[in-house]
There are 2 protein chains.
Amino acid sequence: MDLRERNKQATREAIGHAALRLAIENGPHGLALVRVHDIATAAGVSPRTYNNYFSSRAEAICAFQADQSRRVGQALRSRPADEPLDQAVIAAVIQLYTDPEPDRAGLRMIMLTPELEGEALKAFTMAEGPLAEAIAARTGTDPARDLFPAVTAAAVAGAIRVAGRHWLEAGSDASFAAILRGALSCVVPATPPEAARDR
Amino acid sequence: MDLRERNKQATREAIGHAALRLAIENGPHGLALVRVHDIATAAGVSPRTYNNYFSSRAEAICAFQADQSRRVGQALRSRPADEPLDQAVIAAVIQLYTDPEPDRAGLRMIMLTPELEGEALKAFTMAEGPLAEAIAARTGTDPARDLFPAVTAAAVAGAIRVAGRHWLEAGSDASFAAILRGALSCVVPATPPEAARDR
DNA sequence: GCAGTATGTGCGTGTCACGCAAGTTGTGGG
DNA sequence: CCCACAACTTGCGTGACACGCACATACTGC
């Protein structure tokens, strides 16, 4: 990894971090008060540079969540190959999303602010592509012919999103891991349906 | 329904229709050329009025899809109560999304234009709330206690989205109804899992 | 070291979202 | 039938923003 690449990644994270922090400080209602200039200054770059990395405030604020989602596919691939699909997915997601425990304030900001809804959905949806490929590889199904991998990936992403919302609302009567397990077990089968296996 | 209410609905649809039409005419690449002024003029209202109904071009373009999604819950409720959940969901979705057959150009514009991705996801996600309530009512589960309704609703919305994408890409080797059936059957069980039923 | 390329930055421009206040069109009571 | 009230539409002004362009700067591979 180049110095250039590392610098780029660092600036991107600095901007994203600054954006999320400022958004949290001002709360969902004061989001409009967070100016691009503030984010850029807080991240130590010029407004123009901020705009080279993100094309909207929402995108910057949700960048962390998007990066997290992008890792789901890789997390599934790191599970032992002989593990059943459902257990592998559940274990991979729980490991990725509870180590470390997500920042409640950040998640609340992202998920419960109407102006961020679109970007938040994009962020969670980022998981689908890589995850679908990982599921296809694990189950031996062909993504081009069968919908199972893509549909399951979308269902997993949706389940994570619903679990996050529930975790924020319900409060502390259950760990995030337990909520995730319950949500994922509703939609991920142990093996692909016959129709997918046969082809 | 008041005259006022009807007029309001009519202008909303006029603006949404004009926005989608202009977007299709200019294609995904020329989306930036579609000015707010053009949309408003095409719909027969002032730009300021356009802005009273929608707060972004993307929102106007995706309005039709959003309205469609909002009807999924109602469509499920109109199925006979003794039908198993999976069959009821599949039948409801297929009826809603194939009568009439969706406009390929419109769906392609909404789903395959990167700048519209966030709004498109919002549009499909609109289905989740009402759909989750309908699923909860049908299965006798409690949305506050159990994640099954919300997770299944999210999975259904995701499956519809994936099916749409596949229908656009794959072309004409299968009807949209068949694709929808295949996608939905991956994620909707005939009955809720034990954990949800027991509570 | 040095040429080449990627990245940061300042400036200018066109568009947009939205608050505000006035004009216009529907609504319900006397 | 008419009038007062409310909802909707519209024009204007403002502040912010995304992005193209050109130049300065930092990094890379030879």
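Note on naming: letters A, B, ... go to the chains in the order of the sequence lines (proteins, then strands), and numbering restarts at 1 for each one.
Proximity of residues 5-17 of chain B to DNA chain D (heavy atom under 4.0 angstrom from any strand atom) is restricted to Lys8(B), Thr11(B). Scanning residues 23-31 of chain B for heavy-atom distances under 4.0 Å to DNA chain D yields an empty list. A heavy atom closer than 4.0 Å to some atom of DNA chain D occurs in Val45(B), Ser46(B), Arg48(B), Thr49(B), Asn52(B), these being the qualifying members of residues 35-52 of chain B.
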*Gln74(B) vs Ser78(B), side chain to side chain donor-acceptor pair (under 3.5 Å): CA-CA, chis, key distance, verdict*: CA-CA 6 Å; Gln74(B) 169 201 337; Ser78(B) 75; over 6 Å; no
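Remark: Arg48(A) engages no residue in a salt bridge (Lys or Arg N to Asp or Glu O under 4.0 Å) (not counting sequence neighbours).
Counting only distance, with no hydrogens or angles, the side chain of Ser185(A) and the backbone of Gly182(A) share a donor-acceptor pair below 3.5 Å.
Judged by atom type and distance alone, Arg4(B) reaches the base of dA6(D) through a side-chain donor-acceptor pair under 3.5 Å.
Protein atom CD of Glu115(B) is 13 Å distant from nucleotide atom P of dA18(D), rounded to whole Å. Rounded to whole Å, atom C1' of dT7(C) lies 13 Å from atom CG of Asp2(A). With rounding to whole Å, Tyr53(A) atom OH is found 17 Å from dC19(D) atom C1'.
Clustering of Ile, Leu, Val, Met, Phe, Trp and Tyr by side-chain heavy atoms under 4.5 Å joins Phe54(B) with Ile15(B), Leu22(B), Val34(B), Val36(B), Ile39(B), Val45(B), Tyr50(B), Tyr53(B).
Using a cutoff of 4.0 Å between basic side-chain nitrogens and carboxylate oxygens, Lys122(A) and Glu119(A) are scored as salt-bridged. The pair Arg161(A)-Glu128(B) meets the salt-bridge criterion, since a charged nitrogen lies less than 4.0 angstrom from a carboxylate oxygen. Taking the charged nitrogens against the carboxylate oxygens, Arg35(B) and Asp38(B) have no contact shorter than 4.0 Å, which rules out a salt bridge. A salt bridge does not link Asp103(B) with Arg108(B): none of the charged nitrogens is closer than 4.0 Å to a carboxylate oxygen. We find that Glu169(B) and Arg165(B) are not joined by a salt bridge, their nearest charged nitrogen and carboxylate oxygen being 4.0 Å or further apart.
Within the model, atoms CG of Asn52(B) and CZ of Arg12(B) stand 12.5 Å from one another, a figure rounded to the nearest 0.5 Å.
Rounded to 10 degrees, the angle separating the terminal axes of the helix from dG1(C)-dC30(D) to dG30(C)-dC1(D) is 40°, with each axis obtained from five end pairs.
Side-chain polar atoms of Glu59(A) and Ser55(A) form a donor-acceptor pair below 3.5 angstrom.
Both Trp167(B) and Leu180(B) are part of a single hydrophobic cluster, where members link through side-chain heavy atoms under 4.5 Å apart.
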